[in-house]
Amino acid sequence: MSSLCQKRVIVGVTGGIAAYKIPELVRRLRDAGSVVRVVMTANAEQFITPLTLQAVSGQPVHRSNLLDSDAESAMNHIELARWADVVLIAPASADFIARMAHGLADDLLSTLCLATEASIVIAPAMNQRMWLHTATQDNVAVLVNRGIVVFGPASGSQACGETGPGRMPEPAELTESLAALYGTRALAHTKVVITAGPTHEAIDPVRNITNRSSGKMGYAVAQAAGEADADVVLVSGPTQLPCPDGVHGIRVTSALEMYQAVMNEVSDADVFIGVAAVADYRPVEFHKQKIKKTSEQLTIKLIRNPDILATVAGLDDPPYTVGFAAETHNVEAHARAKLMRKGVDMIAANRVGDVDIGLESDENELIILDRAGAKSLPRTFKLQLARNLIKEIAIRYRAESTNKNSRRAHR
Ligand code: CTP
């Protein structure tokens, strides 16, 4: 699976002759599966038209004016900043690099760079003397120290007739570098089993007990684990969602079926992540025929379902086990109690109920807890949050498996 698949990329175009290569960059990013939105500075428009970039990106181009009410009503600059997984500024001019280094926010692209939590990558392009100037070098050093990634510049003959460093890397190379940056392969050579969605506990042939889980978070976690190069098995209750590319999906209906499917898969798993909203109880009796409304009151007797997460955590040689906790109040305290009660390595907890995130929403936020402490993963789109979570899980799993001399080596 390409690590750029479904990545939301903002391509920020600043004023430089290399801007003529940006349509090809946008096309290559889209070919790799990314969704691309283009933001142009006013100077960029001297080199290439917004119409060209709109045509190749398939999206309206965001122009430099921060106070454009039409553009702001479509997707305002803060929404755009939150939308992005990565902001790739190509070409990045000497002037724009200087403005970033000083934190200026006088047009859309510079404002985005301050407002976004996404990774920022710059691909500088300028005359070689400008690139080698101490001012530019100092500015780039400031950006690098802030965690901004720099691609290039390449050396060679320049549009101005000089030869030296300052050429923007070719679009194919930029796309490959971006893919490599995200294809961290943090979970390469691991098997990850994930549960997702609700379960349906049948009462009779037409009725069941279920809950409001959409499965979106579990599917996002499966996709993120696949992007990190794990072999992913997704055991899913009934949902409308397609199985992510490259993920082995197993569809189940009830908690007992989910339990069985997980037990079949988990013995050689390195990581288990229970995201499913498993029904805690099922009807004792399944009525083979539809129940008719004969009496004024009807009592359905329920019996506890097995706890899949606790069972996995209790295995003799358990995988690194992560549970989810959806809580309406005292999130951290309840989640910590769950961590201990279920004997798991990590709990990812979120608040549900009176807030507009969680179960059915496209966004979520999490607090992750393990025995060492707690960490917040701030609110964002579920796929981005899942990627952030997978990073945290991979770090802890790798640390633990090094301590254990690798589970896999023991098998
Ligand atoms: N879980 C599970 N099997 C169950 C119930 C829950 O694997 N039968 C897993 C869920 O996938 C989730 C975690 O346990 O990872 C937390 O589930 P939750 O229902 O919130 O917690 P409970 O232990 O049921 O506690 P409570 O309902 O009291 O909050």
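Atoms within each ligand, like the ligands themselves, are counted from 1 in listed order.
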- Task: Would you check whether Arg304 reaches within less than 4.0 Å of ligand 1, judged by its heavy atoms?
- Result: no
- Output yes when Lys21 and Glu170 qualify as a salt bridge under the 4.0 Å nitrogen-oxygen rule, no when they do not. yes
- Approximate separation, where rounding is to 0.5 Å, of Ile97 CD1 and Thr14 OG1: 7.5 Å
- Item | Contact (N/O only, under 3.5 Å) between Glu327 and ligand 1 | no
- Message: I'd like to know whether ligand 1 has Met258 as a neighbour, heavy-atom separation below 4.0 Å.
- Response: no
- State whether the shortest distance between N or O atoms of Val278 and N or O atoms of ligand 1 falls below 3.5 angstrom. no
- Closest heavy-atom pair, Ala125 versus Met168, reported as atoms and distance to 0.1 Å, is CB-CB, 3.7 Å
- Task: Report the nearest protein non-hydrogen atom to atom 18 (P) of ligand 1: residue, atom name, distance rounded to 0.1 Å.
- Result: Lys338 NZ, 3.6 Å
- Query: Do ligand 1 and Gly274 have nitrogen or oxygen atoms that lie under 3.5 Å from each other?
  - Reply: yes
- Could you name the option among Ala255, Ala325, Ala279, Pro306 that has the heavy atom nearest to atom 8 (N) of ligand 1? Pro306
- Message: Strictly below 4.0 Å, N to O, side chains only: are Arg396 and Asp370 in salt-bridge contact?
- Response: yes
- Task: Would you mind checking if Arg336 and Glu332 are paired as a salt bridge, meaning a charged N to carboxylate O distance below 4.0 Å?
- Result: no
- Message: Does any N or O of ligand 1 fall below 3.5 Å from an N or O anywhere on Asn305, backbone included?
- Response: no
